[in-house]
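Working notes for the structure below.
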There are 2 protein chains.
Amino acid sequence: MSANPTRLIGTGAKPARHRAILALVRGGVIRTQEDLVAELHRKRFPVTQATVSRDIRELGLLRVHDDAGPRYMAPVAELDVEQTMQRLRNAMREHVQGIEFVDLFGIVHTAPGCAPLVGGALDGSRFEEVAGTIAGDDTVLVIARSRPAAQRLLLRLNSMSEEEA
Amino acid sequence: MSANPTRLIGTGAKPARHRAILALVRGGVIRTQEDLVAELHRKRFPVTQATVSRDIRELGLLRVHDDAGPRYMAPVAELDVEQTMQRLRNAMREHVQGIEFVDLFGIVHTAPGCAPLVGGALDGSRFEEVAGTIAGDDTVLVIARSRPAAQRLLLRLNSMSEEEA
DNA sequence: GTCCTCCTTGCATACTTATGCATTGAGAGC
DNA sequence: GCTCTCAATGCATAAGTATGCAAGGAGGAC
C-alpha cells in the first residue's frame, strides 16, 4: 500500500477496498461490520455499513464465534465441501490398496508414504462417523465413533475407492 | 463451580438438540435461525430463536454466504487457530530436520514420509507470508510471497521447531 | 424433607446485518 | 458534446441475531 492517493472514492475503489478488507480480517479481530467501517475509514475508504455488508458477501467472508463473540474470518478452502470430497475421492482412488475393519478400527492400506495424505483427506472430509485418524507410512488407522458408524464408513470408503473419476 | 464430572443436565434435551442441529446443518440448507427453530419443532424440540442463537455459538457453527444468501455450516477444524498452530508446532518440532531459504523458496527437510504432514500443517496455518507449499516425501517446498515474507517465515519456523512443548 | 446452587430457557429488546430504492459517476456509442 | 446504461453506493428500514434478566427445574448436601 505505498501508492496511496488522497481520495479513493470513485473509480477502482472497490477492488482496493476488498483487498483492504481481507487484510484487516486476516490481521486483526473484526467483530462487526461497524468495526470494519471504522478501520476502513482510517484507511480512507469512506464507506458505510451497507457497502461493507455487500463486500462481505462478495468476498465470501465467514462469521465464526470465539469466546468473546462473533467475528469475521477470511474464507478457507476447506469449507468447500465439494472440493474436499473430491480430494478424498482422488486420494482413495489413487493411493488406497485395501480397507478392512476390525470392530471400531478401520485399517486403510496405501501405497508407501501415502498414508499421511489419505489420512489428511479423511480428516478434512469431517465424516460424522470418524472420531479420528492416525497415519503411518503406508497405513491409516481410522477410528469410528460406533459400530454402526464403522459399517457405514466401510461402505462409503469402499464405494469411493472404486468410483470412476 | 467445582469439579462436577458427569452432571446430568436439565431434562437432557440440550445434547440431543445439539446433535439434531449439527445433522440439520450438515444435511440441508439452513439460512436463518428461524429455519432452524422450525426444523427443530418438526423434530419435537420446542425451542425459541434465543436458544438456537446460543446453541449456534456453543456448537461453533459458521455463517457463510452462497449465491442465495447467508447460510449456516458445521464447524471445520482448520478454523481453530490455536489448534492449528499447535498442530504446526508439533509437526515442526517432531518431524523437521532443517530449514533453509533460497530467495523466495524455503526448503524444509523432514523425516522420510513426513513432508505431506508438515506441508499440510503449514497450509492449514494460513500464514499471510506463504503463497503455497509442495510436499514430496521428505522435503517441503514453501513459496513465500516476498523476500521480507521469506525472512519472517524463516525466523518463525525456526523458532517453532526449536520451541519446547 | 428443605435449602442451595447451577444450568437452561423464554421473553423482551438491544444490537447487527441485509436490502429496496434512489442517486451518482464512469464509460460506451453516437 | 450529449445520452444511455450500468455498477457502485448511501439512506432508511426491514430482517435477523444476541443478550440481560428472571423463572423453572435438577442434583447435592444435610
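Every chain is numbered from 1, with letters handed out A, B, ... down the list of sequences.
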Produce the list of close N/O pairs, under 3.5 Å, pairing protein atoms with atoms of nucleotides 15-18 of chain C; give distances to one decimal.
| residue | atom | partner | partner atom | Å |
| --- | --- | --- | --- | --- |
| dT17(C) | OP1 | Y72(A) | OH | 2.8 |
| dT17(C) | OP2 | Q33(A) | N | 2.7 |
| dA18(C) | OP1 | H65(B) | NE2 | 3.4 |
| dA18(C) | OP2 | Q33(A) | NE2 | 2.6 |
| dA18(C) | OP2 | S53(A) | OG | 2.9 |
| dA18(C) | N7 | Q49(A) | NE2 | 2.9 |
| dA18(C) | N6 | Q49(A) | OE1 | 2.8 |

Tell me every residue that passes side chain to side chain contact (heavy atoms under 4.5 Å, CB included) with Q151(A), counting only those two or more places apart in sequence or in another chain.
none
Side chain to side chain contact (heavy atoms under 4.5 Å, CB included) against D35(B), all qualifying residues, sequence neighbours excluded
I30(B), R31(B), T32(B)
Which whole-number value in Å describes the distance from [X] [atom1] to [N] [atom2]?
{"X": "L59(B)", "N": "dT17(D)", "atom1": "CG", "atom2": "C1'", "value": "16 Å"}
{"X": "R71(A)", "N": "dA18(D)", "atom1": "CZ", "atom2": "P", "value": "15 Å"}
{"X": "R17(A)", "N": "dA7(D)", "atom1": "CZ", "atom2": "C1'", "value": "12 Å"}
{"X": "F45(A)", "N": "dA8(D)", "atom1": "CZ", "atom2": "P", "value": "15 Å"}
{"X": "L62(B)", "N": "dT17(D)", "atom1": "CG", "atom2": "P", "value": "14 Å"}
{"X": "L61(B)", "N": "dG16(D)", "atom1": "CG", "atom2": "P", "value": "18 Å"}

Set of residues satisfying side chain to side chain donor-acceptor pair (under 3.5 Å) with respect to E39(A), sequence neighbours excluded:
R42(A)
Applying side chain to side chain donor-acceptor pair (under 3.5 Å), name anything that partners R54(A), two or more places apart in sequence or on another chain.
none
Exercise: do D55(A) and H18(A) side chains pair donor with acceptor under 3.5 Å
yes
Just N and O in the side chain of T51(B): are any of them under 4.0 Å from OP1 or OP2 of dT9(C)?
no
Quick one: closest heavy-atom pair of P46(B) and H41(B), and the distance?
CA-CD2, 3.7 Å
Please answer: with hydrophobic residues joined when any side-chain heavy atoms are less than 4.5 Å apart, are V52(A) and L24(A) in the same cluster?
yes
At 10 degrees resolution, what angle do the end axes of the helix from dG1(C)-dC30(D) to dC30(C)-dG1(D) form when each is taken over five base pairs?
30°
Rounded distance [0.5 Å steps], CD1 in I21(B) versus CG in L36(B):
5.0 Å
